[in-house]
2 protein chains.
Amino acid sequence: MQVVLNQPAIRINMHDLLLKSISEKIRIASAEETRIKEFFIPKKVRKKQYILNAGDVCQYITFIERGMLRSFTVDDDGNEHVVQFAVEGWWISDIGSFLSGDSALYNIEALEDSEVLNLTKPAMDDMMDQLPPLERYFRLLMQNNIVALQRRVIAYMSLSAEEKYLKLMDVCPDIISRAPQQYVASYLGITPETLSRIRKQVASRK
Amino acid sequence: MQVVLNQPAIRINMHDLLLKSISEKIRIASAEETRIKEFFIPKKVRKKQYILNAGDVCQYITFIERGMLRSFTVDDDGNEHVVQFAVEGWWISDIGSFLSGDSALYNIEALEDSEVLNLTKPAMDDMMDQLPPLERYFRLLMQNNIVALQRRVIAYMSLSAEEKYLKLMDVCPDIISRAPQQYVASYLGITPETLSRIRKQVASRK
DNA sequence: GAAAGCACTTGATGTAGATCAAGTGCGCTG
DNA sequence: CAGCGCACTTGATCTACATCAAGTGCTTTC
């Protein structure tokens with residue numbers, strides 16, 4: 001079955017969403033699009049496959065053309081904590097490790113069979129040297145990331161479990177419906193039992 | 001009394017910490033230091049004075065040469081949530097509002113009489129045009145900010161109130177001792193009563 | 001120096017969510 | 001298609017922290 005939610009039925013080109021993401025933020029010419037593609041390494045990833053192990057160095061940042069991934073940490077008691085979901089059109093990485101060369105804090109795992117585009121640090125530096133407007137693209141990504149993380153910190157500080165869930169459903173209903181619920185619970189910092197109860201309560205109020 | 005914690009007894013120059021912060025991350029020449037200073041607007045801020053009101057547009061980012069500030073949000077029930085403390089050598093702003101021109105989410109208030117350096121967006125753009133290595137400095141700031149925010153999200157998700165407190169005391173003991181305890185509690189997402197109990201417990205174990 | 005205001009501490013009680021333990025349902029495999 | 005494994009749901013009980021209410025201590029003001 002080739003039809004994927006929010007995707008055109010037929011994928012013409014492996015880099016479509018990447019170029020769309022970039023052109024939404026900065027202006028790029030057709031010749032530049034061809035150049036950009038050359039810096040990326042296409043890769044297919046199987047459901048449950050890890051693309052990053054905590055403790056290794058994160059060697060590339062990953063753009064998702066199809067599928068879904070999650071990044072997560074494992075605490076001292078062996079509990080997993082989902083830090084991020086990423087789907088078509090989104091980036092995922094351990095950015096601290098990628099940029100500093102330190103050990104990664106996160107594992108990154110595919111939740112569905114996926115197709116991704118990887119960008120190594122040397123390729124990224126080359127690309128920005130040769131196409132300077134890309135610097136602005138990545139700066140905007142970082143800024144948006146900071147704003148999103150700050151909002152998430154505030155939500156953790158100030159909202160009840162149900163309020164967090166409802167807010168998340170407001171912002172990304174499709175992702176949350178698509179992701180395994182135990183991981184949604186983990187992302188919200190609550191147990192699967194609590195999430196199940198909240199969902200039941202919310203449904204009974206409709 | 002002119003002696004301030006962690007500060008030389010006599011302040012020679014209003015931009016000392018700023019230049020130190022920058023030169024720790026990128027290489028700058030003496031002539032460039034003089035140029036950099038010119039983009040910043042020095043300002044004295046009184047204890048309890050607001051330098052940003054939520055709802056306004058954040059017009060400048062602020063570097064602290066002396067003193068302490070906090071940024072915080074006020075929720076629908078009127079509760080304050082401290083998002084950040086900033087002291088000498090640190091930056092503070094509502095970065096989303098600063099860069100996009102949207103309304104600020106945060107209030108920023110001085111917790112002590114302070115001296116700060118403000119940098120408007122036009123001045124920032126000019127400065128980076130004329131001194132391109134500064135782009136790298138601000139990029140590194142953003143990267144460090146992302147890493148710190150991610151760690152904070154994980155802490156909220158996975159640690160108990162006491163663990164969060166102990167971790168914070170490990171990382172910035174001086175700031176936490178210097179800040180009013182009610183705001184420390186707010187920063188940790190716990191009540192002042194709980195923080196008081198934790199502190200008592202921890203002290204009784206020494 | 002006394003009084004007022006407010007931050008911090010302490011005690012009692014309440015509660016949102018965690019933990020533990022089964023039961024149910026869904027997807028995958030042979 | 002049947003069986004197995006595991007995700008999700010449900011019920012009971014527990015607990016870390018919130019809430020409420022005073023008491024104590026510190027700082028500021030007159």
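- As rounded to whole Å, 13 Å separates atom P of dC8(C) from atom CD1 of I176(B).
- Straight-line distance from the CD atom of Q181(B) to the P atom of dG25(D): 17 Å, rounded to whole Å.
- Applying the salt bridge (Lys or Arg N to Asp or Glu O under 4.0 Å) rule to pairs touching residues 153-163 of chain B yields E162(B)-R205(B), sequence neighbours excluded.
- A donor-acceptor contact closer than 3.5 angstrom is absent between the side chains of D102(B) and S97(B).
- In this structure Y187(B) satisfies the side-chain hydrogen bond (donor to acceptor under 3.5 Å, both in side chains) test with no other residue, sequence neighbours excluded.
- Summarising the geometry, the separation between CD on E80(A) and P on dC6(D) is reported as 14 Å, rounded to the nearest angstrom.
- Distance R46(A) CZ to dC28(C) C1': 16 Å, rounded to the nearest Å.
- Among the candidates F40(B), W91(B), Y137(B), the single residue satisfying the ring pair (Phe, Tyr, Trp, His ring centres under 6.0 Å) test with F63(B) is W91(B).
- Residue K200(A) places none of its side-chain N or O atoms closer than 4.0 Å to OP1 or OP2 of dT9(D).
- A 4.5 Å side-chain heavy-atom check between Q143(B) and M142(A) finds at least one atom pair inside the cut-off.
- Residues satisfying the side-chain contact (heavy atoms from CB on, under 4.5 Å) test with K37(B), not counting sequence neighbours, are N13(B), H15(B), L19(B).
- Y156(B) pairs by the ring-ring contact (aromatic ring centres under 6.0 Å, His included) definition with nothing, not counting sequence neighbours.
- Proximity of I198(A) to Y165(A): side-chain heavy atoms (C-beta onward) are separated by under 4.5 Å at one or more points.
- In this structure, a donor-acceptor pair under 3.5 Å is present between the side chains of Q150(B) and Y106(A).
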Can you check nucleotides 16-20 of chain C for protein contacts, nitrogen or oxygen pairs under 3.5 Å, and list what you find?
unit_1  : atom_1 : unit_2  : atom_2 : d
dG17(C) : OP1    : A161(A) : N      : 2.6
dA18(C) : OP2    : T191(A) : N      : 3.3
dA18(C) : OP2    : T191(A) : OG1    : 3.1
dA18(C) : OP2    : T194(A) : OG1    : 2.5
dC20(C) : N4     : E193(A) : OE2    : 3.0

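- OP1 or OP2 of dA7(C) sits under 4.0 Å from a side-chain N or O of Q182(B).
- Put simply, CD on E163(A) is 14 Å from C1' on dA18(D), counting in whole angstrom units.
- Between its opening and closing five pairs, the helix from dG1(C)-dC30(D) to dG30(C)-dC1(D) changes axis direction by 50°, a value rounded to 10 degrees.
- Separating the NZ atom of K47(A) from the P atom of dC6(D) is a distance of 13 Å, rounded to the nearest angstrom.
- Between the OH atom of Y156(B) and the P atom of dC17(D) there is a distance of 13 Å, rounded to whole Å.
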